[in-house]
Structures are given as structure tokens and as C-alpha cells.
S.K.: 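This structure is in C-alpha cells; I'll ask about it shortly.
Numbers here are sequence positions counted from 1. Both counts, for ligands and for their atoms, begin at 1 and track the order of listing.
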Amino acid sequence: MIVNLLLLFLALSTNANDEGYCDLKTKTCDNDFFKEKFILYDVNPPEGFNLRRDVYMRFAIMFAEAKKNKNEWKLVLPPWYKLYHWKSERKNYPIYWSKFFNVDSLKSFAPVVELHDIFTKTETNILNIDHLYVLQNFPDPFENGEFKDKWEIGGDCDYDGEFWGYSNITVTEIVCVKFQGRISNLWDLVAMHPSDKFIMFAHGEIPLHDYYGSKTFWDCRKSMKFNKDLIKTAKQFIADHLNCKEEKCASYISVHWRRQDFARLRRNDVPSVQGTVKQIDGFIKKHSPNTKNVFVASDGQNSELTQLESQLTSIGYKVHFFIPTPSQLNDFKDGGIAIIDQIICSHAAYFIGTYESTFTFRIQEEREILGFDSSTTFNRLCPDSGKCEKPSKWRVVS
Ligand SMILES: Nc1nc2c(ncn2[C@@H]2O[C@H](COP(=O)(O)OP(=O)(O)OP(=O)(O)O)[C@@H](O)[C@H]2O)c(=O)[nH]1
Ligand SMILES: *[C@@H]1O[C@H](CO)[C@@H](O)[C@H](O)[C@H]1NC(C)=O
Ligand SMILES: [Mg+2]
């Protein structure tokens, strides 16, 4: 009874003041947790880190917009777990967002919390999700030739994730939902069970941005600042090896040379080693003839990287790679090393990317935010032969 009265009081006091009266003034309100509500999401297991960053933005924008209408739901940041490309992680423990991002900066844009923050607040040893909505595509997205926003409950589905390896996350009810269109329509699903406290969406990659490339999109993107240690390490590398202490460097060009699955499966989009050398040389001669330093970010194998390096060196360039020490790798993880590569690429005088790689897209956005001229950013490696479409330009909006 006393507890109920307390809850009532808390509910009234929040209504009276949406700044969180209780939390700020009395500090006795750790019990705030009783009235908070949380939405978790997960992404199709095989998706990579950089698409997941875009999925985050869709959810973060959905929550930031809703917060303006005093929405009480918080977004739980899904830990990074068993990512396909992160091969050096032997133990597949979940990695929290603070390892890669500045979570305070994320919070300045949207009401987000790390999963461990809600773990420490539950009273039992179980985190129970009231409804887990498993999103699925419609078999035919075009009805009468038209793509329309819609959703429909029903059909068969399974949750194909693993709750980030936590066996103490449980679910009361799984709901299968065919869904297409804008992410803000997920609020209709949320509204079906207003007394839920924890809900979750699986296949969070299915809903789309309400407005891709809008000012809000870029505000969100700007809030995705990296973890400070990653920035520091990248800047130290740029200062030590690439002779630059500015934000916009003139002393090197950068290349994102995506290999692995791209080199195997996308021969029409990515060049051979020789083709890469020829294009980098041609690009520098045309745009920046005095540049000697070439920074290469790549997921390529050592043998390919050595070939690329020796061929570029033989025609007079100095090639740089960020090669982590074992302790840096252990500390930053594969994901952190990839971010360091991205930061170093972002500050270069010119950037040449890989066609349709989300890793490249994230670098291009970073450069837009830094204020580089778009012509220095939206350049791509072409296949050795055949057509080579120009990359799309997504310009920053302020
Ligand atoms: N360190 C480093 N890792 C890279 C590099 N390029 C790719 N990777 C790794 O491979 C992953 C790339 O996968 P995604 O994030 O899916 O990006 P993508 O595969 O280029 O793009 P899509 O699959 O088309 O979405 C990264 O998260 C890295 O782990 C690179 O230049 N440096
Ligand atoms: C679930 O397990 C993890 C690790 O085993 C633990 O850190 C976390 O606090 C647990 N969650 C809850 C709600 O007790
Ligand atoms: Mg990928």
C-alpha cells in the first residue's frame, strides 16, 4: 500500500514537471525506475557494425521525436555481440556502447540507456520482456505497384537472436508482425499494451527512417561521437605518422579498401590490387599531385595489403596502415580498431571509398560533419573494367 502511494506520488510529480522533479531535487527517487518503461531492439544477426549504426539512428530519432510529446519510453542500447566480422573476439561476451561511443553525447540527443543500467535496477535476477515483437517483411512489398506503410499481426515467426548471450532475459509473449515503412509507426504497436514495462523489437533493421538526410537525421548523426580513447589514439597516429595536428589535414589522402566478402562477391564493384594502385596514383596526380602519404583502411588479408603497399611504394608513395598493438586490440576490440581506421580516413585531404560499403558511408558522413568540401569525399574505387557509377552524395543539413 505504501509502495502504491509512493508510485502514485511519483507519477503525479512527473506529470507536474517533466524535468524529472523527483530525480533532480530529492535524490531519494532511485525508485524512479518503477515508472520508467524500456524498449529494447535487436538487429538481424548477420548485419555488420555500420548498418547497425544506421538502425540505431532510426530508433534514436523515433525516440527523440516522441520525447517532445512527453513520451515516457527509454531506448535500450543493444550490446554488440558476435558480430560476423569481428574475428579476433574469442570470447563472445557482449560489448557495451561506451566502448565505441560517447554515451553522454548519445543521451544529449535521445533518451537512451545501456542494458547494464537497467540490469542493476531490476529487483529479481531476470529481465522479463512483456512483448517481443518479431518484425518481418511483407512477402510482396508492392501492392498494386505501390509501396505503402503498413503492418499486420500474425503468421509464424521465431526470434533468431540470442538476447546478446544473456540467459536471464525472458519473454512473456512473442508477437509476429509484418511491417514496412516508417519507424514511427512502431508506436502503434507499443500502444497496444499500454501497461507493458519492457518491450522489444527483433529485426530492428526492417523499419525505415521517417526522413533520411533531414536536419534531425544530421543532429542525431552528430551526437554519435566516438569514445574518447579511440579519438585520442587516432589523432595521435595522425600527428605521429601523417604530420597533421588539424581537423582537416592537407598532408595525406585516405582510402577505404574493402576486401573479404566484397572482393569475393562483388567483382563488378571492386578492383584488383593492380587496379587499386593505378586508381590511387591517377587520383593523386589529378587532384593532389604533391601528396606522398596514403593512409589505407582495409579488412584485407596481409598478403593483399603487402602487395598493395609494395606496388604503391615502388611508384613513390608512402603507405600507412593503423596496426594495433596486442594491448590496443585487446582493449579497443575489432570494432574500436575499425573506428580508429574510420577516424583517420575522416581527417584526410581526400577520401576514396568502396562502392556501397556502409563502412565507407559512415566515413563520408563524418567528413560532411567536419566540413570538408563534398568533392573531396564522394570518390570511389572503380572495378578494373566495366561501368562505374558515381557514389550518391548525402550532404550535411544544419
Ligand atoms: N579495421 C577495419 N575493419 C574493416 C575495414 N573495412 C571493413 N572492416 C570490418 O568489416 C566490417 C564491415 O562490415 P559492415 O559494417 O557491414 O560494412 P560493409 O560490409 O562495408 O557494408 P554492408 O555489408 O554493405 O552493409 C566492419 O565492421 C569491420 O569490422 C577497414 O577498413 N578497417
Ligand atoms: C543477467 O546476467 C548478467 C551476467 O550474467 C548480469 O550481469 C546481469 O545483472 C543479470 N541481469 C539481471 C536482471 O539480474
Ligand atoms: Mg556488411
S.K.: Which residue pairs pass the ring-ring contact (aromatic ring centres under 6.0 Å, His included) test with at least one member in residues 253-281, sequence neighbours excluded?
M.R.: His256-Phe359
S.K.: Hey, which of Arg258, Lys87, Gln260 is the one that makes side-chain hydrogen bond (donor to acceptor under 3.5 Å, both in side chains) with Asp299?
M.R.: Arg258
S.K.: Would you please indicate if the ring centroids of His209 and Phe217 are separated by under 6.0 Å?
M.R.: yes
S.K.: Could you find the nearest protein heavy atom to atom 11 (N) of ligand 2 and give me its residue, atom name and distance?
M.R.: Asn168 ND2, 3.0 Å
S.K.: Considering only the protein, which heavy-atom contact is closest to atom 7 (O) of ligand 2, and what is its distance?
M.R.: Phe119 CD1, 4.4 Å
S.K.: Check whether Asn227 reaches the backbone of Asp229 with its side chain - one donor and one acceptor, N or O, closer than 3.5 Å.
M.R.: yes
S.K.: Any nitrogen or oxygen of Tyr166, main chain or side chain, under 3.5 Å from a nitrogen or oxygen of ligand 2?
M.R.: no
S.K.: Does any non-hydrogen side-chain atom of Phe163 lie less than 4.5 Å from one of Leu127?
M.R.: no
S.K.: For residues Tyr350 and Phe283, establish whether the separation of their ring centroids is below 6.0 Å.
M.R.: yes
S.K.: If you take the centroid of each ring, where Trp contributes its six-membered ring, are Trp80 and Tyr96 closer together than 6.0 Å?
M.R.: no
S.K.: Mind jotting down which protein residues get a heavy-atom contact under 4.0 Å with ligand 1? Chain and number order, please.
M.R.: Gly48, Phe49, Asn50, His85, Trp86, His256, Arg258, Phe262, Ala297, Ser298, Asp299, Ala338, Asp341, Glu356, Ser357, Thr358, Phe359
S.K.: State yes or no: are the ring centers of Trp97 and Tyr56 separated by less than 6.0 Å?
M.R.: yes
S.K.: Please list the nearest protein heavy atom to atom 13 (C) of ligand 2 with its residue and the distance rounded to 0.1 Å.
M.R.: Thr122 OG1, 3.0 Å
